[in-house]
Amino acid sequence: MKKNDSSRALQTRIVHPEGEITPGFESFAAPVTRASTVVFPDLATLRSLDWRNDTQWRYGLHATPTSAMLTQRLAAIEGGEYALLQPSGLSAISNVYFGILKKGDDVLIPDNVYSPNRELGDWLARDFGITTRYYDPLIGARIADLIRPDTKLIWLEAPGSVTMEIPDVRAITAAARARNVVTAIDNTYSAGLAFKPFEHGIDISVQALTKYQSGGSDVLMGAAITTDRELHLKLKQARMRLGIGVSSDDCSLVLRALPSMKARFEAHDRSAFALASWLKTRGEIAAMLHPAFPDCPGHESFKRDFTGAGGLFSVVFDDRYSPEQVDAFCEALELFSIGWSWGGAHSLVMPYHIASMRTAAHWPHRGTLVRFYVGLEDEADLRADLEQALERACHGKSV
Ligand SMILES: *Cc1c(COP(=O)(O)O)cnc(C)c1O
């Protein structure tokens, strides 16, 4: 009997509808395929499925055609083979820990790492039998001295969140490979555009797609990209065991923003560089922590390995300005908003007290650090805004 036999009740025919949509429709938008249930033609097909095979559809949690379109493009941008989506950048980070480590293993984390990653490392050490050690991000080849037989994972971040030191990625991955240690980089800063991790010996690249890939400050998503099938499968299995997936609707939003990402990244880069160049001439600023500037620690690695910088940079205020004055500067800004996350069109600002966030490397500055994210506003307007806020907060002038 046909499923949609017209002798059946209307309600049944609504659930099992008749008729086909005219084929041949084409558009540029990614089709949004929503599913929990994926339907199989017969039980033999279902029983032949292998979770290792990324091209078989099994369950909406694991993949849909929409999410597969996104993973293919992300792998291509990064220069990898496989990509795994996660519901946030942080969840892409935590999934690496669960996929790679087990009780008794040791992990090395840079001292300047994205703070929630550090929080996770501390938690794994406190409650899950992992040893977590922090290293000076500028350690380079000397990381070899820290690698022990139980070291199974080394994290890198290039440049480090907030303080912007650029590690010598090649020296660290060479030391890790010599001892069979997996390396994972948080590559969010470069969006996979300006730094190609697999050309520098990295095993796993993590992206917070929440940032440039989404571009709208309205989607949370993350990804882990690899070139190695075994590593990909370890991460995929951890993700399946934890029951983590992403919605096709969110994937379609990121897919919509990806074609403009390179142009946006370059626009952020131009404005940020110009504003950093101007800020560097201001007497209130003691240090310019923009990777493209020679005073940024690790600048030589940046010049060697990166093709661009994007919209993020930090400055350290001269310590004659109190933390309260620096707070007042941040609040006096009108076009730079106070808020977490970045990668969208809106400029952001955030002050940080770094010394209390470090345990491995000495933080040399006494003044307050401020991180800027330069959005897509007009550059001259942003500069005027910075100027009026500096004059007001540091010199008591109202402009
Ligand atoms: C934002 C960010 C993350 C986390 O991304 P979420 O999607 O907000 O969880 C991870 N690493 C870096 C460097 C980030 O900037």
Side-chain angles (χ1 to χ4, degrees), residues 67 70 74 78 83-98 109-121 123 134 137 155-167 169 183-195 197 202 204-225 235 239 242 244-247 250-251 253-254 257-258 261 264-265 268 272 289-291 298 302 306 309-314 337-344 346-350 352 354 357 369-375:
S67 75
L70 181 54
L74 293 172
E78 205 92 6
L84 205 58
L85 297 173
Q86 300 278 144
S88 68
L90 181 56
S91 135
I93 292 169
S94 65
N95 196 65
V96 169
Y97 284 103
F98 285 108
I109 302 175
D111 207 19
N112 58 356
V113 81
Y114 175 66
S115 320
N117 186 345
R118 191 178 182 115
E119 174 63 34
L120 194 51
W123 185 41
Y134 296 96
W155 274 104
L156 298 90
E157 201 169 300
S161 271
V162 185
T163 48
M164 299 289 158
E165 302 92 333
I166 304 95
V169 174
T183 52
I185 193 165
D186 184 332
N187 196 25
T188 303
Y189 171 88
S190 87
L193 295 172
F195 178 77
I202 290 285
I204 301 169
S205 182
V206 165
Q207 286 287 342
L209 307 175
T210 307
K211 308 293 167 56
Y212 292 121
Q213 287 83 352
S214 119
S217 310
D218 57 355
V219 183
L220 286 146
M221 206 182 288
I225 299 129
L235 300 181
R239 191 182 90 134
L242 291 167
I244 289 168
V246 299
S247 85
D250 284 349
C251 292
L253 292 173
V254 178
L258 272 192
M261 180 167 77
R264 287 184 280 112
F265 188 85
H268 291 294
L289 304 178
H290 183 307
F302 181 80
F306 282 69
L312 268 193
F313 69 91
S314 296
S337 304
I338 296 168
W340 305 117
S341 215
W342 44 272
H346 297 75
S347 292
L348 300 171
V349 66
M350 191 65 77
Y352 289 90
I354 300 298
M357 298 161 67
L369 180 145
V370 170
R371 185 174 77 172
F372 295 102
Y373 168 67
V374 177

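Start at 1 with the first residue, then count along the sequence. Start at 1 and go down the list; that is how both ligands and their atoms are numbered.
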With sequence neighbours excluded, residues passing side chain to side chain contact (heavy atoms under 4.5 Å, CB included) with Ala92: Gln86, Val206
Measure the spacing between CG of Asn187 and CZ of Phe195 and express it to the nearest 0.5 Å. 6.5 Å
Option from Tyr212, Trp342, Tyr373 for which side chain to side chain donor-acceptor pair (under 3.5 Å) with His268 holds: Tyr373
Determine whether Asp111 and Pro137 make a side-chain contact, defined as any pair of heavy atoms from C-beta on separated by less than 4.5 Å. yes
According to side chain to side chain donor-acceptor pair (under 3.5 Å), who are the partners of Trp155, at least two apart in sequence or on a separate chain? Tyr97
At less than 3.5 Å, what protein N or O atoms come close to the N or O atoms of ligand 1? Include the distances to 0.1 Å.
from, atom 1, to, atom 2, distance (Å)
ligand 1, 7 (O), Gly89, N, 2.7
ligand 1, 7 (O), Thr210, OG1, 2.5
ligand 1, 9 (O), Gly89, N, 3.2
ligand 1, 9 (O), Leu90, N, 2.8
ligand 1, 11 (N), Asp186, OD2, 2.6
ligand 1, 15 (O), Lys211, NZ, 2.5
ligand 1, 15 (O), Trp342, NE1, 3.4

Once side chain to side chain donor-acceptor pair (under 3.5 Å) is applied, do any residues pair with Thr163, and if so which ones, sequence neighbours excluded? Glu165, Arg358
